[in-house]
Amino acid sequence: MSDEPQHWAPRDPSGAAAAPGSHQEEPTGNNGKNHGKNQKNGANGRGGRNGRKPRTGWRRAVPTWRMTLGTVLGLAVLLGVAVFAAYRLVDIPAANAAATAQSNVYLYRDGSVIARDGDVNREKVKLSQVPPSVRQAVLAAEDRDFYSDDRAVDVKAMVRAGWNTVTGKGKQGGSTITQQYVKNYYLGQERTVLRKAKEAIIAVKLNREETKDQIFEGYLNTSYFGRNAYGIQAAAQAYYGKNVEDLTTAEGAYLASLLNAPSAYDVVAHPDNEPAAQRRWNYVLDGMVKEDWLDTAERATTEFPTPGEAKASTGLSGQRGYIVQAVEDYLNRRGVLDEKTLATGGYRITTTLDKAKQDAFVKAVDTNVTSRTSAERKADRNVRVGGASIVPATGEVVALYGGIDYTKQYVSNATRRDYQVGSIFKPFVLTSAVVNDSTTQDGERITPNTVYDGANKRMVVGPQGPTDYAPANEDDVDHGDITVRTATDESVNAVYAQMAQDVGPGKVRDTAVALGIPTDTPDLTASPSIALGTANASVLDMTEAYATLADHGRHGRHVLVEKVTKDGAEIELPERTTDQAVSREAADTTTAVLRSVVEGGTGTAALAVGRPAVGKTGTAEEDRAAWFAGYTPDLATVVAVMGQNPDTGAQTPLYGALGLPRVNGGGAPAETWAAYTEAALRSSPAQEFDLETAPGSDEEDEPQLDENTDGSTDPSSSSEPTTGPSGTTPTSPAGDSTDTGGTNGTAGTTGGSGETGSTGGTGGDGDSGGDGGG
C-alpha cells in the first residue's frame, strides 16, 4: 500500500455535509472534476447513481429504453410460450356440423311455415376428376401460391386483412386455402379472434399431416358456391347442368369467381350484378395467364359463360322460393348473416310477412293478370308480375310477390333492378320542388297549381336556354297550358321534364334517395329525364319510397325479418330507425295531388279499393313494363307487369299481352293493386288522410283555364304564367300522360288503348321518355 497522501475527502458515514466554514483540500485532476460535479449534485440534494441527473417532470412517466426492451422481450417470451402451449393443446377436431349442414326454416309472422330450404346439395369427387384448368382457376382466384408455399398460414395477409377490417375498409379475407378448408370442415364461419387463432393452429398441424392434394380436394368438396350447392360437383350441376369432368376453362373460372361472393355473382339471380361478376371472372383468367396456366391466345378467345337457370327444389315452388331468396339477401345486406353462415343451416327465421295478405296478393294477380293470359297468344308468354306491400308506420313488408313460380321463373320480379320505373317516379319531382322551395325560371314558386306548357315535344329550357331534350307526350298529345296537378293526373311528360330542370336534377335525385331509393340504383342519373322514370329501381325499392310519402315524409328502411334463432338462442337484428327524410308539408302536398290521379286521372281503376287512396301510374320505355304505385294511410303497395322473353331473358314490349293492344299502369297493375288492397284491409276500418299541405296547394286555389278549340287550355283571370316556366313556348319533352278512356268498359278514345273494367277503361299513361305510355 502506498504511503502517499490521499487526494479525496473521506466519506462521511452519516451522509451529513461539511460544516459551514470548514476547509477541505480541493482535489486535483479528473478526480477533482468529478468530485466537483458530485459536490454540485449533492448541493442540489438530487445526486443520482453513477452521477446521472435524475429524470424529472413528464420524463418520469416515459419508460427508458431498457424498460421497453425488457417488456418487449418478456411479451415475446410469453407469446412464444402461449403459441407453443396452444399448439400442444389444440388437436385437429372431428368434422363439424357445417360439413353436413341442416335446413333452415322460414316462417310467417304468425309462426306458420313458409318453406324449408331443403337438404344440403353436396356430392364429393376425387381431385383427379376435376380438370386441371378448373383446379388452376380456383387457385388463381383464392391462393396462387398454395402448392409452392409450404406455409399453411399467411401471417402477412392475415394482418393486412385485420387492419383493413379495423380501419373500416370492410371485412377482408386473409386466409390460405388450407385455412379456408379448416374453417369449412372443422370449425365454423363465425368471425372471432378465438376461431381465427384455432384455424391457424389447426391449419399448421393439418399441413404437416396431409398432402397438398388431400387438402385441396377437401376444400373443393366443402366450399359453398351458392344455389345451395356445396362442392365443385354440385356447383357444376347447379350452374351448367353437367358433371365437373365436363367443365370448360371459362366455366371453371366462373365457378371459381363465385367463391368470393356466391349470390352477388350469380348473374341469373342478380342480372344487375353481371358487370361485377365479369370483372371477377376476368381477374381469375388473367391470374391464370400470369401464372402460365393459360395461354394468352386461348385467353383472348374465351367468352363469358352465362350459367343456366337454377333448378330449384320443388319445396321452393310458388312464392316460397322468392321469399327465401329475398330473406337471404336481406340478412346478408343488413350484416346479420352472410350467405355462407346461413347455408350451414339450423336457423329459424320469422319474417314480417302476413299470410293472409300474402295469399291475397297471389289471388289478386291470378284474377287480374294470370287468368287473362292465353297459351294461344304469343305475347302472354312474356308476362311477368312483381309486387310488394309495406306498412308505412313500421316499414314491415307484409306481402311480396316475386313471380308465378320460383321453379319456373327463377328471378324475383319484386327485387330485380333492371326495368325502368316510368312515371311512378314523377311524384318525387313534385316532392323535391316543395322541399327545396323551387321556382320556375320566371321566379314563380312551384306548387300543384303552377301552370306549365304541356305542348308535345316541348324543348326543355335551362338557365342557358334550350337543352336539346324534347321528350314526347303519350300519343303525341298537346295539352297546352295546364297546372302541375292536372299534369300529374294525366302524366304529362312535357311538364315534368321541365319541372325537373327547374328544381335541379341533382336535387330531384337527392330527394328520391332520401325517400328510400338506393343510391346505387342503375340509371338514377341527374338529368331532366330522371323525372320520366329512367331509373331501374326494384318494386320493393319503390314501395319503400311510397311508404315514406304515406308516413308524412318519415323514412326508415323496410323490415323483412322479425326474429332469427339458432339452437334456441336469438340472434341480434339491427334496430329500425326513422328520420324526417322530407318535410311533412312536401310529402302531404304530393299525397294530395296523387289523390286526384285516382279520383279522375289515369289511375281510376284503383277506386275499386273502396276507401281513401292515392296512386300513380307508370309505363317503361317501349311499354316493357307497366306500373301502379299507391297507398292508403295504412298500407303502401306497388304492382308491376313486365315483359320478358322466357327463352332469351330479353325485355319485351307488352303489346298484345292479356288480349289488349297495350298494357298500361292504369289497367292490370291498378286493378291488381285495388283487388289486393281491398282484401288486405277488409277487416280494418277505412282511414282518411290527415294532410298538412304547402301554402297555395289546395284545389280551390287552382287557376281557371279556358279551353281552346283545339282542346288545349289558356289561363283565365289568373296570375299564373301563360307561356310556361321558361317564358317561351318551344316544342315540348317526351310525355307520359294521356286522358282517361271511356266508361263502362269501353276503350279510351285518346289514351293508348282503354282498359276494360268495372270502373271503365283508362287510357295509357305516359312513359319514361320514348314512345310508350307511362
Side-chain angles (χ1 to χ4, degrees), residues 272 417-433 436 438 440-441 446 452-477 479 484 487-488 490-513 515 517-537 541-542 545 616-627 629 651 665 724-726 730-738 764-774:
D272 46 303
R417 290 178 177 168
D418 56 345
Y419 277 84
Q420 291 183 342
V421 300
S423 292
I424 65 170
F425 195 94
K426 285 177 179 172
F428 305 158
V429 181
L430 176 57
T431 304
S432 189
N436 294 287
S438 301
T440 66
Q441 291 183 26
I446 298 175
Y452 272 89
D453 181 359
N456 184 49
K457 295 184 179 179
R458 176 188 178 282
M459 185 75 69
V460 173
V461 179
Q464 308 304 320
T467 62
D468 293 329
Y469 176 53
N473 288 334
E474 168 77 18
D475 291 335
D476 292 324
V477 174
H479 292 274
V484 170
T488 307
E490 301 184 4
S491 204
V492 181
N493 286 342
V495 172
Y496 267 91
Q498 182 63 55
M499 196 193 312
Q501 175 65 51
D502 293 344
V503 175
K507 292 180 180 179
V508 173
R509 185 184 190 279
D510 291 343
T511 297
V513 170
L515 291 170
I517 303 302
T519 56
D520 61 349
T521 298
D523 295 325
L524 186 63
T525 306
S527 66
S529 64
I530 192 174
L532 310 187
T534 54
N536 296 335
D541 294 335
M542 295 303 294
K616 183 70 186 74
T617 58
T619 306
E621 189 173 13
E622 296 182 355
D623 286 340
R624 293 173 181 172
W627 299 70
Q651 295 184 14
S726 65
T731 54
S732 240
D736 91 323
S737 88
T738 67
D765 32 277
D767 84 336
S768 62
D771 37 336

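Just the heavy atoms: all of them, side chains too, but no hydrogens, waters or symmetry mates, feed the values below.
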Open item on the list: Can you give me the closest heavy-atom contact between A531 and Y496, atom names plus distance?
Closed with: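 Between these two residues, the closest heavy atoms are CB-O, 3.4 Å.
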Task: Heavy-atom check, side chain of L524 versus side chain of V513, under 4.5 Å - done: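 Heavy-atom side-chain distance check passes, below 4.5 Å.
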Task: Gap between atom OH of Y419 and atom CZ of R624 - 0.5 Å precision - done: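 Answer rounded to 0.5 Å: 8.5 Å.
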- [ ] Check whether any side-chain N or O of N473 sits under 3.5 Å from a backbone N or O of A494 as a donor-acceptor pair, and report yes or no.
- [x]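 The answer is yes, because a donor-acceptor pair under 3.5 Å joins these two groups.
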- [ ] Mind checking the CG-CG spacing from D502 to N436? Nearest 0.5 Å is all I need.
- [x]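 Rounded to the nearest 0.5 Å, the CG-CG separation comes to 12.5 Å.
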Task: Between CG on residue D453 and NE2 on residue H479, distance to nearest 0.5 Å - done: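 Answer rounded to 0.5 Å: 11.0 Å.
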Task: Audit row: Q501, Y469, side chain to side chain contact (heavy atoms under 4.5 Å, CB included) steps and yes/no - done: CA-CA 11 Å; Q501 175 65 51; Y469 176 53; over 6 Å; no
Task: Inter-residue atom distance Q420.CD - T534.OG1, 0.5 Å rounding - done: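 So the gap between those two atoms works out to 6.0 Å.
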Task: Partner residues of D418 under the salt bridge (Lys or Arg N to Asp or Glu O under 4.0 Å) criterion, sequence neighbours left out - done: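 Checked D418 against salt bridge (Lys or Arg N to Asp or Glu O under 4.0 Å); matches are R416.
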TODO: Go through the steps to decide whether V461 and Q498 satisfy the test side chain to side chain contact (heavy atoms under 4.5 Å, CB included), and finish with yes or no.
DONE: CA-CA 7 Å; V461 179; Q498 182 63 55; 4.0 Å; yes
Task: Separation of T488 OG1 from K616 NZ (nearest 0.5 Å) - done: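 Nearest 0.5 Å value for the NZ-OG1 distance: 7.5 Å.
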Task: Closest non-hydrogen atom pair between G665 and A626, with its separation - done: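 Of all heavy-atom pairs spanning G665 and A626, the closest is N-CB, 3.7 Å.
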- [ ] With rounding to the nearest 0.5 Å, note down the distance linking NZ in K507 to OG1 in T431.
- [x]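 One finds 15.0 Å between NZ of K507 and OG1 of T431.
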TODO: Apply the test side chain to side chain contact (heavy atoms under 4.5 Å, CB included) to residues M499 and V508: give CA-CA distance (whole Å), side-chain angles for both, the deciding distance (0.1 Å), then the verdict.
DONE: CA-CA 10 Å; M499 196 193 312; V508 173; over 6 Å; no
Task: Exercise: identify the closest heavy-atom pair between S438 and S432 - done: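 Closest heavy-atom pair between S438 and S432: OG-O, 4.1 Å.
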Open item on the list: On a heavy-atom basis, which atom in V460 and which in T467 lie closest, and how many Å separate them?
Closed with: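 In terms of heavy atoms, the two residues are closest at O-OG1, 2.7 Å.
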Task: Any residue meeting salt bridge (Lys or Arg N to Asp or Glu O under 4.0 Å) with R509, in chain and number order, not counting sequence neighbours - done: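 R509 satisfies salt bridge (Lys or Arg N to Asp or Glu O under 4.0 Å) with no residue once adjacent residues are dropped.
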Task: Distance-only polar pair, side chains of T525 and S527, donor-acceptor under 3.5 Å - done: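 Side chains of T525 and S527: no pair found under 3.5 Å.
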Open item on the list: Within the structure provided, determine whether T440 and I446 are in side-chain contact (heavy-atom separation under 4.5 Å).
Closed with: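 When only atoms from C-beta onward are counted, I446 and T440 do touch, with a gap below 4.5 Å.
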Open item on the list: Ignoring hydrogens, what is the shortest heavy-atom contact between P505 and I530? Give both atom names and the distance.
Closed with: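 Looks like O-CD1, 4.3 Å.
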Task: Minimum heavy-atom distance L430-V484, with the two atoms named - done: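 Of all heavy-atom pairs spanning L430 and V484, the closest is CD1-CG1, 4.2 Å.
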Open item on the list: Between E621 and L532, is there a side-chain heavy-atom distance shorter than 4.5 Å?
Closed with: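 No, every pair of side-chain atoms sits at 4.5 Å or beyond.
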Open item on the list: With a 4.5 Å cut-off on side-chain heavy atoms, are I517 and F428 touching?
Closed with: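 F428 vs I517: side chains touch.
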